[in-house]
Amino acid sequence: DWSSDVCSSDLPVAGLAYGEFDLVMMEAGPRSAGPAFAGARSTAAHEFTHLIVHAAGGSAVASWLNEGLAVYGQPQPDSYFVSALENARRRNELLLVRGIQNIPGSSDEVFVFYGQAHSLVTYLLEEYPAGSMGRLLSLLRDRSSLDDALRAVYGFDQDGLDAKWRAWIGVPPRTYEFAAPTPQAAPRSQILTAPPSPPVEPTAPAGPPARSEEHTSELQSRFGISYA
């Protein structure tokens, strides 16, 4: 929803992936070296991962899973996502997994969302057998609900994931009496955005994105999924 706080704030959006068209669009400037080029490579990796996820899981993959995989597919997660997650962890203000089916509508929660999505996906990919993620996405593509797909592959639903992941990162169990759903932006169909950059660190990606077959193959191997 381009009228949400996220899109109407000063947080720039660097790229878009249209899974149904196998298309990536990026903001790009003159080709240069240094941070701008590194940023463009990271954005390209993020967006092409969205195409892989769409091919494997269809159009109904929850935002935390979709964006988490896309951040995991970057050369490295953005430092401000890592910092936002750590700050939320210390304050015990982590987002409820069941409440982040869509990207939050509040710009204050966007960085926490991306950091948490990446951490959730890292937990699933690194703590469970290879190929589990591919099975999960295949079930979602076949129209299973996220809870049913998680139970079939991992043995727990979204609430179970929330509890196990919290233990994995070393925070106390959630007290649901005080847990509130995360404010949601309206669904944006199959348009997927690159994670926003902080207003204080705007970057202009340099050069058009080039699809890296080597990187795509590596992602398929890491996720246990295929993309043609």
Side-chain angles (χ1 to χ4, degrees), residues 4-7 9-15 35 38-39 41-43 45-47 49-50 53 61-128 133 146 150 154 156 158-185 192-203 205 219 222-223:
S4 70
D5 287 350
V6 175
C7 294
S9 70
D10 292 330
L11 303 178
V13 175
R41 289 186 60 187
S42 184
T43 297
H46 184 105
E47 297 304 334
T49 303
H50 277 313
V53 173
V61 178
S63 286
W64 69 261
L65 179 57
N66 205 330
E67 297 298 339
L69 285 167
V71 176
Y72 193 91
Q74 296 172 202
Q76 61 184 23
D78 301 272
S79 60
Y80 38 91
F81 297 159
V82 176
S83 297
L85 176 63
E86 177 57 22
N87 290 336
R89 188 191 70 82
R90 287 200 304 264
R91 297 191 302 266
N92 197 20
E93 294 179 357
L94 298 167
L95 305 174
L96 183 65
V97 172
R98 191 175 292 281
I100 49 177
Q101 304 301 300
N102 296 310
I103 299 174
S106 167
S107 58
D108 292 338
E109 292 180 320
V110 170
F111 294 157
V112 177
F113 164 82
Y114 276 98
Q116 182 168 331
H118 172 256
S119 184
L120 285 163
V121 163
T122 300
Y123 169 69
L124 292 175
L125 286 171
E126 299 185 1
E127 295 297 316
Y128 293 91
M133 182 60 68
L146 181 53
L150 283 168
Y154 298 100
F156 47 74
Q158 292 177 87
D159 298 324
L161 171 59
D162 191 274
K164 289 179 177 294
W165 170 74
R166 287 173 69 92
W168 186 65
I169 64 171
V171 298
R174 187 181 296 280
T175 303
Y176 282 89
E177 178 182 357
F178 301 103
T182 305
Q184 302 294 313
L192 305 164
T193 65
S197 301
V200 296
E201 300 180 23
T203 58
L219 291 175
R222 290 164 79 186
F223 299 160

Chi angles and distances behind the side chain to side chain contact (heavy atoms under 4.5 Å, CB included) call for Tyr114, Ile103: CA-CA 9 Å; Tyr114 276 98; Ile103 299 174; 3.7 Å; yes

Leu65 side, atom CG; Leu150 side, atom CG - distance, nearest 0.5 Å: 8.0 Å

Rounded distance (nearest 0.5 Å) linking atom CG of Asp78 with atom CD of Gln76: 8.0 Å

Taking every non-hydrogen atom, the tightest pair across Glu109 and Leu95: OE2-CD2, 3.8 Å

Worked verdict on Val97 versus Asp159 for side chain to side chain contact (heavy atoms under 4.5 Å, CB included): CA-CA 7 Å; Val97 172; Asp159 298 324; over 6 Å; no

Which atom of Gly73 lies closest to which atom of Thr49, heavy atoms considered: CA-OG1, 3.8 Å

Step-by-step side chain to side chain contact (heavy atoms under 4.5 Å, CB included) determination, Asp162 to Gln158: CA-CA 6 Å; Asp162 191 274; Gln158 292 177 87; over 6 Å; no

Reported CG-to-CH2 distance for the pair Leu69 and Trp64, which is rounded to 0.5 angstrom: 8.5 Å

Heavy-atom side-chain contact between Tyr123 and Leu161 under 4.5 Å: yes

Between CD on residue Gln101 and CG on residue Asn66, distance to nearest 0.5 Å: 11.5 Å

Spatial distance of atom CG (Leu124) from atom NZ (Lys164) [nearest 0.5 Å]: 11.5 Å

Criterion side chain to side chain contact (heavy atoms under 4.5 Å, CB included) on Val61 and His50, from CA distance to verdict: CA-CA 10 Å; Val61 178; His50 277 313; over 6 Å; no

Considering all heavy atoms, the nearest Phe81-Phe111 contact: CE2-CD2, 3.7 Å

Donor-acceptor pair, side chain of Ser119 and main chain of Gly115, under 3.5 angstrom: no

Nearest-0.5 Å distance, CD of residue Glu93 to CD of residue Gln116: 12.0 Å

Side-chain donor-acceptor pair present, Glu126, Tyr72, cut-off under 3.5 Å: yes

Leu94 backbone acceptor or donor facing Arg89 side chain under 3.5 Å: no

Under 3.5 Å side-chain donor-acceptor pair for His118 and Glu67: no

Nearest non-hydrogen partners of Leu146 and Ala62, listed with the distance: CD2-CB, 3.8 Å

